[in-house]
Amino acid sequence: MSKKYLYSLMAVLVAAATALSACGPAATAAPTAAPAATSAPAATSAPAATAAPAFAVGVVLPTKNEPRWIQDETRFNDAFKAAGYTVQILFSDGDSAKEKANVEALISQGIKVLIICPQDAAAAGAAVDEAHAAGIKVISYDRLIRDTASVDYYVTFDSVSVGKAQAQYLVDHATGTKNPLYLYAGAATDNNAFLFFEGAWDVLQPKIADGTFVIKNSDKAVGLQGSATLTRDQEGTIIGQVTTDWKFDTAKNLAEANLTAAKASDKGNVFILAPNDGTARAIADTFGADKDVKSYVITGQDAEEASIQYIIDGKQSMTVLKDVRTLVKDAIAAAVDYLTGKTPPQTTTYNNGKVDVPASPSPIVSVDKSNVKAAVIDSGYWPAGDFKNLP
Ligand code: GAL
């Protein structure tokens, strides 16, 4: 993030200040961290060290049980800390009622912009409707909130590209025909699960149609394999059958059930579409333990540290790096735009079932053993010392 943005955010936060000790910066931190008056004039009106500024921006994240969101919390904290401030980040513990209570708490604290990643795309509508009614700008973060007009902006990666990159990896590593294909998806309550699956289907379907792959764990997908594009309802039918719900245990149990139902001839050298890293590790461990599975190629997403180690160790084939530093930077920049009366950048829109939400999606990077060091270590995403046997 450019210092300029951090400083302008800090200036805006300070300008919006009222006493709020719970999430303000340490009393001594604010004045010393304030930039020179020339670079951020508003900072000269910083409150006395004893008066902590209110946060004009609140962040709500879905759960700590899916490691991805701990990355986001860390990166948000790092970005705000760089400006000498702490940020109020609330977790919803996988519970839409808690999420609504979090949003209500932030509304009562006087935030002006809400950055929220919904636990459940539809259920979050009521919470953001309340925020919008209170005059707060709503930024849907990573996951799109559906079926409400109360979303002003969507900060996201190109999620269809994520699915395409996963599927392309499987295609690029398959030779011959009749390769067993096992499909897994994210949570049906997460709009991203549909976008990932849409991208994957786009690349896989022609390779199912030409006999390269044979789907082994979803009769719903088999029933639709002649269709190059699927409606959202059709995607939902398949996702409903192969969902991991983003949970390790659900993923593991489903993989076990699939392998129990499959004949030895449905195994051998298998190809697995796993939607993210957490579920990929659970599914990989399950397939790896089956005596009839000779080899597997498995996808992932999020560049979680545990999966980077799995990739180095040859236990997971690839992951998709979505540089969360970029997402956090974009979210904070969009918040600053709203706080300063500007409009965040738009390159496309995402329809959320009710309105077209403006967005400027960020690109993703496909990562396997061959580029893991360059993409994940040399880029500063994770420190080399966190891994063993780096290539
Ligand atoms: C998705 C997100 C992924 C992954 C998953 C499970 O919405 O885009 O990066 O983390 O949720 O939490």
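One is the number of the first residue; the rest follow in order along the sequence. Counting starts at 1 for both ligands and their atoms, following the listed order. All values below were derived from every heavy atom in this structure, side-chain atoms included, with hydrogens, water molecules and symmetry-related copies excluded.
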| task | Please report which non-hydrogen protein atom sits nearest to atom 4 (C) of ligand 1, along with the residue it belongs to and the distance in Å to one decimal place. | result | D302 OD2, 3.3 Å
| task | Find all atoms of ligand 1 within a distance of less than 4.0 Å from any non-hydrogen atom belonging to E66, and give their numbers and elements. | result | 6 (C), 12 (O)
| message | So which atom in V372 and which in P391 form the shortest heavy-atom distance, rounded to 0.1 Å? | response | CG1-CG, 3.7 Å
| note | min-distance protein heavy atom vs atom 1 (C) of ligand 1 -> D190 OD2, 3.3 Å
| said: List ligand 1 atoms under 4.0 Å from W69, heavy atoms only on the residue side. | reply: 2 (C), 11 (O), 12 (O)
| Which ligand 1 atoms does N276 reach within 4.0 Å, using its non-hydrogen atoms? | 4 (C), 5 (C), 6 (C)
| note | among protein heavy atoms, the one nearest atom 2 (C) of ligand 1 is D142 OD2, 3.3 Å
| said: Check whether N179 reaches the backbone of T175 with its side chain - one donor and one acceptor, N or O, closer than 3.5 Å. | reply: yes
| request: Step by step, work out the ring-ring contact (aromatic ring centres under 6.0 Å, His included) result for F271 and Y182. | output: CA-CA 6 Å; F271 293 79; Y182 291 77; over 10 Å; no
| task | Kindly assign one of parallel, tilted or perpendicular to the pair F76 and Y141, based on the angle between their ring planes and the thresholds 30° and 60°. | result | tilted
| field | Ligand-side contact atoms (ligand 1) for residue partner N192, heavy atom cut-off under 4.0 Å | value | 1 (C), 2 (C), 7 (O), 8 (O)
| said: With ring-ring contact (aromatic ring centres under 6.0 Å, His included) as the criterion, how do Y350 and Y154 come out once you've worked through the C-alpha distance, each side chain's angles and the decisive distance to 0.1 Å? | reply: CA-CA 8 Å; Y350 286 78; Y154 182 29; 5.0 Å; yes
| request: Check whether any heavy atom of F157 sits under 4.0 Å from an atom of ligand 1. | output: no
| Protein contact to atom 11 (O) of ligand 1 [nearest heavy atom, distance to 0.1 Å] | R143 NH2, 2.9 Å
| remark: Taking every heavy atom of I116 against every heavy atom of V138, the minimum-distance pair comes out as CG2-CG1, 4.2 Å
| said: Could you go through D219 and Q241, starting from their C-alpha distance and side-chain angles, then the distance that decides it, and tell me whether this counts as side chain to side chain donor-acceptor pair (under 3.5 Å)? | reply: CA-CA 9 Å; D219 59 7; Q241 193 171 44; 2.7 Å; yes
| field | Contacting atoms of ligand 1, where contact means under 4.0 angstrom from a heavy atom of F196 | value | 8 (O)
| said: Distance check, rounded to the nearest 0.5 Å: L259 atom CG versus K216 atom NZ? | reply: 12.5 Å
| Which atoms of ligand 1 have any heavy atom of K322 under 4.0 Å away? | 2 (C), 3 (C), 8 (O), 9 (O)
| note | The closest protein heavy-atom partner of atom 5 (C) of ligand 1 is W246 CE2, 3.5 Å
